[in-house]
Amino acid sequence: MGAVKRIAELRQLREQPLWKLLASLNAPPVLGVLQELLLRDEKVLPASALLERLRQELQALKQAGEDMPQPAQAYLALWLNEGWLTRRLPPGAQEEQYELTTDAITAIRFLQGVLQPRATATESRLATVMQQLTKLAEDTNPDPTSRRAALLAERERIDRELEQLGKGIVETLPPERAVERARDIIGLADELVADFRRVRGDFDQLNRQLRADLLNNEGSRGQVLEQLFAGMDLIGETAAGKTFYAFWRLLTDIEQATIFSESLTEVLGRDFAGQLSAGEKRFLRHLTNRLLDEGGSVHEVLQTFSRSLRSFVQSREYLEQRRFNAVLRESQRDALTAKDYLRPNQDVGFELWLTSAKLRSASQWHLYNPSERMASRGMEDAPDSSMSLHDIASMVRNSEIDFGLLRRNIYELLQQSSVVSIEELLRVYPATQGLGSVVGYIYLALRHGQVTPSNVQVSWTGMDSVERSATVPAVYFMKEKEREFAR
């Protein structure tokens, strides 16, 4: 019976996008193109940019002898239909954005693991297992005596190590073991990034499922809301959801984020890091930003999901949709009943008036004549102004944000720390332009830093010497982008 169940599960999996992609006749060129376009430096592309780059890739493939005869637009439509690409229109975006689905990323990662296999029983991974198992045993031990003994033993080990350091004796990992451990960290971090995308996919599926349930649920508005909130709690209790929330709390903790970023900088500065490939070093260098980007994307999807469903329920929109679905189902039942005694081409004596558009000849259009709106007379000389350059500079300063000063402040603090927050900037440098300085820091973070959905409380003294405070998004500036502020 076990084999029968397993076979049924595998047959069901064979119909999923992951298996279809791997079993596709054009799997090598398709996987190669998808990886090149959407799994390197840029993970999300606007529709126009993706279409143009896909055209260039297809042209290069045809010149290399690959059989890819269809136009780029046809392949995009096919890959969307097969579930290998997903598209969304974020709030404020000018056009749709494309990215790989979790199934496509899993397929590419699987083949990368086949082409570049890792040693599975490395000393680093075994040591990690042993350390985590020991930590688990300690953290779940309810016996105070044994826990005290374990802590005393740990203190003795630390004292011995401090004694060795006092004598100038420092033990470090051999380069080969350090490289091995760094690669294990890269593999684990890469899996965590994929977990974020999987959580976002779970939220999207939950959004669609709850909307369908809302339309099919005949209960009151309170029952619908209760179902909505129960669904959100359920998704938050999944393994992927707990992983996301735990990492999001860690990444938005300024102290932990600073320690993490400084540790990455130190690791990349060690001698053994020279044995890592360029791609591995690039991955570590941008790991903080990548985790914040993926986590922020998931957080934004969750917030958008909550707001849209709440609005959908509290308005009458869902009632109209429910009524429309009921009418549609009733019409379908009537059609199924009528098919037994009505021929498809039989006249039923009913005329359906369709909508139409009024057509006009292009010759009836009137061309725009710019001369009809020209000024009746020429420009006159304005009287001489009595304002000085100092007055103009003061007016500009009162109406324009001094981004040059803000950039210098950020650059100077990045010389002392690997991560700088807006709270530190306002604490070290006074907000000489009041609220304008706060807005300026947030604007610079949108272009050169990280803006998280979390909020922080900041305070400053305005130009009128009055102390004020506000709740603003938590923004961070990373040392790896300090050159962008050195102007």
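This structure is a prediction, so every number in the text was calculated from the model and none was measured.
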Q) Taking it one step at a time, do Glu423 and Arg427 satisfy salt bridge (charged side-chain N to carboxylate O under 4.0 Å, His left out)? A) CA-CA 6 Å; Glu423 306 102 290; Arg427 185 173 60 253; over 6 Å; no

Given side chains that start at C-beta, do those of [X] and [Y] come closer than 4.5 Å, heavy atoms only?
{"X": "Trp84", "Y": "Asp103", "answer": "no"}
{"X": "Leu444", "Y": "Phe477", "answer": "yes"}
{"X": "Glu96", "Y": "Pro46", "answer": "no"}
{"X": "Leu152", "Y": "Arg155", "answer": "yes"}
{"X": "Thr471", "Y": "Val456", "answer": "no"}
{"X": "Tyr443", "Y": "Val475", "answer": "no"}
{"X": "Leu276", "Y": "Leu284", "answer": "yes"}
{"X": "Tyr441", "Y": "Leu426", "answer": "yes"}

Taking atom [atom1] of [X] and atom [atom2] of [Y], what is their separation to the nearest 0.5 Å?
{"X": "Leu51", "Y": "Gln56", "atom1": "CG", "atom2": "CD", "value": "10.5 Å"}
{"X": "Gln112", "Y": "Leu39", "atom1": "CD", "atom2": "CG", "value": "6.5 Å"}
{"X": "Leu100", "Y": "Thr106", "atom1": "CG", "atom2": "OG1", "value": "10.5 Å"}
{"X": "Leu50", "Y": "Arg55", "atom1": "CG", "atom2": "CZ", "value": "10.0 Å"}
{"X": "Leu413", "Y": "Tyr429", "atom1": "CG", "atom2": "OH", "value": "4.5 Å"}
{"X": "Asp402", "Y": "Arg407", "atom1": "CG", "atom2": "CZ", "value": "11.0 Å"}

Q) Please walk me through it: do Val438 and Trp460 pass side-chain contact (heavy atoms from CB on, under 4.5 Å)? A) CA-CA 9 Å; Val438 179; Trp460 69 92; 3.8 Å; yes

Between [X] and [Y], what is the shortest heavy-atom contact and its length?
{"X": "Val458", "Y": "Ile422", "answer": "CG1-CG2, 4.1 Å"}
{"X": "Leu425", "Y": "Val420", "answer": "CG-CG1, 3.7 Å"}
{"X": "Ala107", "Y": "Leu22", "answer": "CB-CD2, 3.9 Å"}
{"X": "Pro473", "Y": "Val451", "answer": "CB-CG1, 3.9 Å"}
{"X": "Ala182", "Y": "Phe272", "answer": "CB-CE1, 4.2 Å"}
{"X": "Gln457", "Y": "Ser469", "answer": "NE2-OG, 3.5 Å"}

Q: Determine yes or no for a side-chain-to-main-chain donor-acceptor pair under 3.5 angstrom, with Gln35 supplying the side chain and Gly32 the backbone.
A: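 Checked: no pair found.
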
Does [X] come within less than 4.0 Å of [Y], counting only side-chain N to carboxylate O?
{"X": "Arg88", "Y": "Glu99", "result": "yes"}
{"X": "Arg53", "Y": "Glu57", "result": "no"}
{"X": "Glu412", "Y": "Arg408", "result": "no"}
{"X": "Glu163", "Y": "Arg160", "result": "no"}

Q: Take Leu21 and Glu82 through the test side-chain contact (heavy atoms from CB on, under 4.5 Å) and record every step on the way to the result.
A: CA-CA 8 Å; Leu21 178 56; Glu82 292 290 348; over 6 Å; no

Q: Assess whether side-chain contact (heavy atoms from CB on, under 4.5 Å) is satisfied between Lys479 and Ser417, documenting all intermediate values.
A: CA-CA 7 Å; Lys479 189 174 183 63; Ser417 177; over 6 Å; no

[X] atom [atom1], neighbour heavy-atom count above 12 within 6.0 Å:
{"X": "Gln94", "atom1": "CD", "result": "no"}
{"X": "Arg323", "atom1": "CZ", "result": "no"}
{"X": "Phe110", "atom1": "CZ", "result": "no"}
{"X": "Asp271", "atom1": "CG", "result": "no"}

(Q) Between Ser418 and Met478, is the side-chain contact (heavy atoms from CB on, under 4.5 Å) condition met? List the steps. (A) CA-CA 6 Å; Ser418 58; Met478 307 299 175; over 6 Å; no

